[in-house]
Amino acid sequence: MAQRIVIENAAIATVDARDTEHASGHVVVADDVIESVGAGPAPEGLTDVVRRIDATGHLVTPGLVNTHHHFYQWITRGLATDHNLFDWLVALYPTWARIDEQMTYAAARGSLAMMARGGVTTAMDHHYVFPKGSGDLSGSIIRAARETGVRFTLARGSMDRSEKDGGLPPDFAVETLDGALAATEATVRAHHDASFGAMTQVAVAPCSPFSVSTELLKQGAELARRLGVRLHTHGSETVEEEKFCHELFGMGPTDYFESTGWLGEDVWMAHCVHMNDSDIDAFARTRTGVAHCPSSNARLAAGIARVPDMLAAGVPVGLGVDGTASNESGELHTELRNALLVNRLGPHREAALTARQALRLGTYGGAQVLGRAAEIGSLEPGKLADLVLWKLDTLAHASIADPVAALVLGAAAPVTLSLVGGRAVVEDGRLLHVDEDAIARSTRDEARRLARIAAGH
């Protein structure tokens, strides 16, 4: 018999296709899936109820879905704080190229803990730095996600265009074309789970047009489609990148991606800040997804992505924390709020995004771009029980009548309960499966060790 968790007396934002909301409603979880959602109390006569929660004063939403991140950067936060993207990369690549498995594991634990504590139930990591002899970096990141208890996509990144080829990474920080493809295939075969409810999935993810060869992009796309997994990269992040693509390839980033097989409904790209109308049309036509990272875009002075225009055209858009060397807070609530606020600084002004659109970006939109919209991203019967109870009756939010506005525009709301597949991951703001204080200590120690090693070279 299914074990049931019953949540009652909560405000509910389902983020379903009709944006159904209940001022006071219930959610019933049976094992790892949602059994029922609706107004008023839960159905009577439910059997095998192992937990009943009076969620008065709370909003229940789907768990937040993060669609772009670089976990390893947790141990290089607060550096190069006044740089644009290219200068920032040049400043930090020599340090990043010294990471090892112990550092990567500690940084992944820090990144995951911060996100999970703030309501993220599905995380992803785009890891593309694989120094020679650094150990099993992919395995250590996946282990950290498993220990934290969140659903996870590893975007196995790669770089093969170094300084000697006109790229930005140092020569010793890149892989060979064949080495990158072989290691990526091995990671997919070892770790990707295509089944419903999978906790670990893997995507093929060459880093960016200015750090990988055209051949790596082309063969990477072929590899992903042969293995039946998704593709991820950085795209159209800065004006410098656009100039780089025109100088090197004779075309802008979107046309270049299309020429290498990198547009399609199995692709999502981070940033997409500098997109003209024809770029947005190409993404909409091919159903290519976007990971919008407003805090990082602002931190690196990249610009304001045209999210309202993308949504109007039908482009799937989710939210990304991005690496914490360009977004030191490292949690997704900031992105809900900044997506709304930053886009209102653009040409659409107050009509750019609503609080509910921001919540959709952080939930269902993220599920779409990760290829998991049939499983997560909204509260509907049959979907996985990935959900969050946000406490909105304290000083920070109690006087805001609209709970969705309170969540998106207010301070970061405390998480009373976070479920991933019906399993509690956070309770009363506390991580249940990992020790937050121990993680804080290990990340500090590894950050200091990396700084010492980098300074010695």
Side-chain angles (χ1 to χ4, degrees), residues 11 13-21 59 61-68 118-120 235-237 268-277 279-281 283-284 287-322 327 329 331-370 373 377-379 388 390 392 397 400-413:
T14 67
V15 201
D16 65 8
R18 296 171 302 285
D19 261 336
T20 306
E21 295 183 16
L59 171 67
T61 71
L64 301 183
V65 178
N66 183 35
T67 62
H68 185 66
V120 168
S236 303
E237 187 173 358
W268 86 104
M269 295 194 200
H271 304 296
C272 300
V273 175
H274 296 276
M275 303 265 282
N276 60 32
D277 289 348
D279 296 332
I280 291 175
D281 288 346
F283 271 57
R287 301 291 293 162
T288 303
V290 171
H292 176 45
C293 306
S295 296
S296 176
N297 293 345
R299 161 82 150 80
L300 295 172
I304 301 173
R306 296 174 58 188
V307 173
D309 297 330
M310 293 177 194
L311 294 176
V315 176
V317 183
L319 291 181
V321 166
D322 204 4
N327 175 8
S329 75
E331 47 83 45
L332 207 66
H333 171 268
T334 310
E335 307 316 303
L336 291 178
R337 192 168 191 264
N338 283 349
L340 179 63
L341 298 181
V342 170
N343 280 285
R344 288 188 181 184
L345 296 174
H348 295 276
R349 300 181 61 189
E350 70 277 8
L353 287 178
T354 67
R356 280 158 180 80
Q357 284 177 302
L359 178 60
R360 178 171 288 274
L361 290 176
T363 53
Y364 188 80
Q368 275 186 299
V369 303
L370 293 183
S378 60
L379 302 178
V388 179
W390 307 93
L392 298 179
H397 305 91
I400 305 176
D402 176 353
V404 176
L407 177 68
V408 173
L409 287 170

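Here the CG-CG distance, from N338 to N343, works out to 10.0 Å after rounding to the nearest 0.5 Å. To the nearest 0.5 Å, the span separating CG on N297 from CD on E335 amounts to 9.0 Å. The CG atom of L336 sits 13.0 Å away from the CD atom of Q357 when rounded to the nearest 0.5 Å.
Residues A355 and A405 share a closest heavy-atom pair of CB-CA, 4.2 Å. The nearest pair of heavy atoms linking T334 to S295 is CG2-OG, 3.5 Å. Across every non-hydrogen atom of L340 and A358, the tightest pair is CB-CB, 4.4 Å. Pairing each heavy atom of A339 with each of L361, the nearest pair is CB-CD1, 4.3 Å. The shortest heavy-atom contact between L59 and A13 is CD1-N, 3.9 Å.
No hydrogens or angles considered: nothing links the side chains of S378 and D16 as a donor-acceptor pair under 3.5 Å. Under 3.5 Å, the side chains of T67 and W268 contain no donor-acceptor pair of N or O atoms. A side-chain donor-acceptor contact under 3.5 Å links S329 and N327. Side-chain atoms of E21 and T14 include no donor-acceptor pair closer than 3.5 Å.
Remark: aromatic rings of H271 and H68 are close, center separation under 6.0 Å.
Proximity of L407 to L359: side-chain heavy atoms (C-beta onward) are separated by under 4.5 Å at one or more points. Side-chain contact between F283 and C272 is present, with at least one heavy-atom pair separated by less than 4.5 Å. Within the 4.5 Å cutoff, the side chain of L64 has no heavy atoms near those of the V388 side chain. Side-chain atoms of V321 and E331, non-hydrogen and from C-beta on, never get closer than 4.5 Å to each other. With contacts defined as side-chain heavy-atom distances shorter than 4.5 Å, the pair Q368/R287 qualifies. Residues V369 and V290 have side chains not in contact (no heavy-atom distance under 4.5 Å, counting atoms from C-beta outward).
Although no hydrogens or angles enter the test, the distance criterion places no donor-acceptor pair under 3.5 Å between the side chain of R349 and the main chain of R344. Under the 3.5 Å distance criterion, the side-chain polar atoms of D19 are left unmatched by any main-chain donor or acceptor of V15. Judged by distance alone, with hydrogens and angles left aside, the side-chain atoms of H292 form no donor-acceptor pair with the main-chain N or O of V307 at under 3.5 Å.
Residues that satisfy the salt bridge (Lys or Arg N to Asp or Glu O under 4.0 Å) test with R299, not counting sequence neighbours, are E328.
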Hey, can you pull the donor-acceptor pairs under 3.5 Å for the side chains in residues 308-320, sequence neighbours left out?
| residue | atom | partner | partner atom | Å |
| --- | --- | --- | --- | --- |
| D309 | OD1 | H348 | NE2 | 2.7 |
| D309 | OD2 | R306 | NE | 2.9 |
| D309 | OD2 | R306 | NH2 | 3.2 |

Check: Going through the checks in order, is the side chain to side chain contact (heavy atoms under 4.5 Å, CB included) test met by D279 and H274?
Finding: CA-CA 9 Å; D279 296 332; H274 296 276; over 6 Å; no
